Chemist: 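Input: one structure, supplied below.
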Amino acid sequence: MYASLIDYHCHLDLYPDFEQLVNKCEHDQIHTITVTTTPRAWPKNYELTKNLTYVRPALGLHPQLVAQHSHEIQIWDEYFPQAKYIGEVGLDASPAFYKSFQKQILIFDHIIKQCKKSGGKIITIHSVRSAQHVLNIMDKYDVARENMVVLHWFSGSLSEAKRALDMGCYFSVNSSMLSTARGRQLLTYIPTNRVLTETDGPFIKNHNKVLSPENVSLCVESLAEIWNLTCAEARVKVFENMTTLENSV
Ligand code: MN
């Protein structure tokens with residue numbers, strides 16, 4: 001079986017050659033979710049991808065930008081009906097962003113409430129040092145009932161992972177995560193059918209070179225090793241997971 005590569009969380013619009021990269025992903029048949037950090041980036045991402053098969057845009061408001069950009073939630077609301085994929089959204093309680101944490105909670109609560117009302121969305125969520133808060137808000141609206149949730153670069157505890165699995169969440173993992181003991185431990189815990197791959201480019205480097213979607217193959221190699229499969233088998237597994245997820249909304 002042929003299975004294309006999957007980069008389920010990448011910031012294509014933050015690369016200098018954004019438009020070329022969109023076309024390259026489409027040409028190479030790499031399923032790429034291009035997440036946005038501000039809803040102001042939505043129209044361009046939408047226009048560039050609307051006739052494409054493999055590159056799909058996600059409407060976001062990144063928690064690390066909420067301190068300065070919370071008013072953009074009005075723009076986010078405006079584009080919401082157009083978007084099937086939502087992200088990057090979530091919470092970040094790390095020291096650099098903790099000051100805005102209460103504001104982040106208000107924004108994320110609003111976003112999840114809107115997803116609950118509409119249903120049919122696929123949401124890619126950031127949860128740095130805040131998995132518990134993220135899960136509480138998801139629980140409050142039972143958002144994973146009519147939507148699919150993907151926890152991106154999850155770094156919570158195993159009990160938080162269990163809670164997320166019970167809600168039906170998927171996990172998109174990257175090569176940086178899989179190079180740490182904690183990340184690998186998480187992967188031995190999560191069932192293989194809940195795992196997707198991502199690069200989170202351009203925020204991840206390998207040997208000082210910024211990763212782009214084609215390099216998601218590095219992540220597939222690590223997964224193959226952890227799962228004791230060949231790379232081809234791991235790639236098929238991730239492809240089947242994406243298909244199941246996308247057919248569930
Ligand atoms: Mn990201």
Side-chain angles (χ1 to χ4, degrees), residues 5-18 21-22 25 30-42 44-46 49 55-70 72 76 83-98 100-101 104 107-108 111-112 115 121-131 133-134 138 148-156 164 169-180 182-183 186 195-206 209-216 218-219 238 242 245:
L5 284 172
I6 292 157
D7 187 352
Y8 224 66
H9 184 111
C10 186
H11 301 260
L12 291 183
D13 65 0
L14 300 183
Y15 290 80
D17 53 347
F18 171 34
L21 197 51
V22 167
C25 291
I30 303 170
H31 282 276
T32 309
I33 305 301
T34 176
V35 296
T36 52
T37 54
T38 153
R40 287 189 192 279
W42 174 258
K44 176 118 194 245
N45 277 270
Y46 180 77
T49 58
V55 187
R56 278 82 48 93
L59 173 65
L61 182 47
H62 198 293
Q64 295 177 350
L65 296 188
V66 163
Q68 307 294 331
H69 298 260
S70 60
E72 293 182 20
W76 187 93
K84 175 172 166 95
Y85 298 85
I86 302 300
E88 181 163 1
V89 296
L91 298 175
D92 192 319
S94 56
F97 306 103
Y98 193 70
S100 66
F101 197 62
Q104 291 177 38
I107 297 288
F108 185 61
I111 287 169
I112 293 302
C115 291
K121 307 289 188 187
I122 296 172
I123 316 166
T124 173
I125 299 183
H126 175 114
S127 56
V128 172
R129 296 201 188 185
S130 57
H133 286 89
V134 162
M138 285 171 52
M148 296 305 287
V149 173
V150 182
L151 296 171
H152 132 75
W153 201 334
F154 185 79
S155 55
C169 293
Y170 283 65
F171 293 78
S172 60
V173 305
N174 58 58
S175 54
S176 186
M177 254 175 106
L178 297 183
S179 67
T180 68
R182 192 182 166 89
L186 180 72
V195 175
L196 298 168
T197 48
E198 63 167 48
T199 59
D200 198 21
F203 297 112
I204 296 185
K205 288 182 182 168
N206 182 47
K209 196 174 173 288
V210 169
L211 294 188
S212 60
E214 63 187 328
N215 305 122
V216 83
L218 291 169
C219 182
V238 173
M242 183 193 72
L245 180 153

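In each ligand, atom 1 is the first atom listed, and ligand 1 is the first ligand listed. Counting from 1, the numbers follow the sequence of the chain as shown. Note that the structure is a prediction, hence the values are computed from the model and not measured.
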Chemist: Going by heavy atoms in the side chains, are E214 and C25 under 4.5 Å from each other?
Modeler: no
Chemist: Please note down the angle at the Mn ion (ligand 1) between OE1 of E88 and OD1 of D200, to the nearest 10°.
Modeler: 170°
Chemist: Give a yes or no on whether H9 keeps an N, O or S atom under 2.8 Å from the Mn ion (ligand 1).
Modeler: yes
Chemist: Are the side chains of R56 and T34 in touch, meaning some heavy atoms are under 4.5 Å apart?
Modeler: no
Chemist: Would you check if the distance from the ring center of H31 to the ring center of Y8 is below 6.0 Å?
Modeler: no
Chemist: Is H11 close enough to the Mn ion (ligand 1) to have an N, O or S atom under 2.8 Å?
Modeler: yes
Chemist: As a quick check of understanding, evaluate side-chain hydrogen bond (donor to acceptor under 3.5 Å, both in side chains) for H152 and N174, giving each step before the final call.
Modeler: CA-CA 9 Å; H152 132 75; N174 58 58; 5.1 Å; no
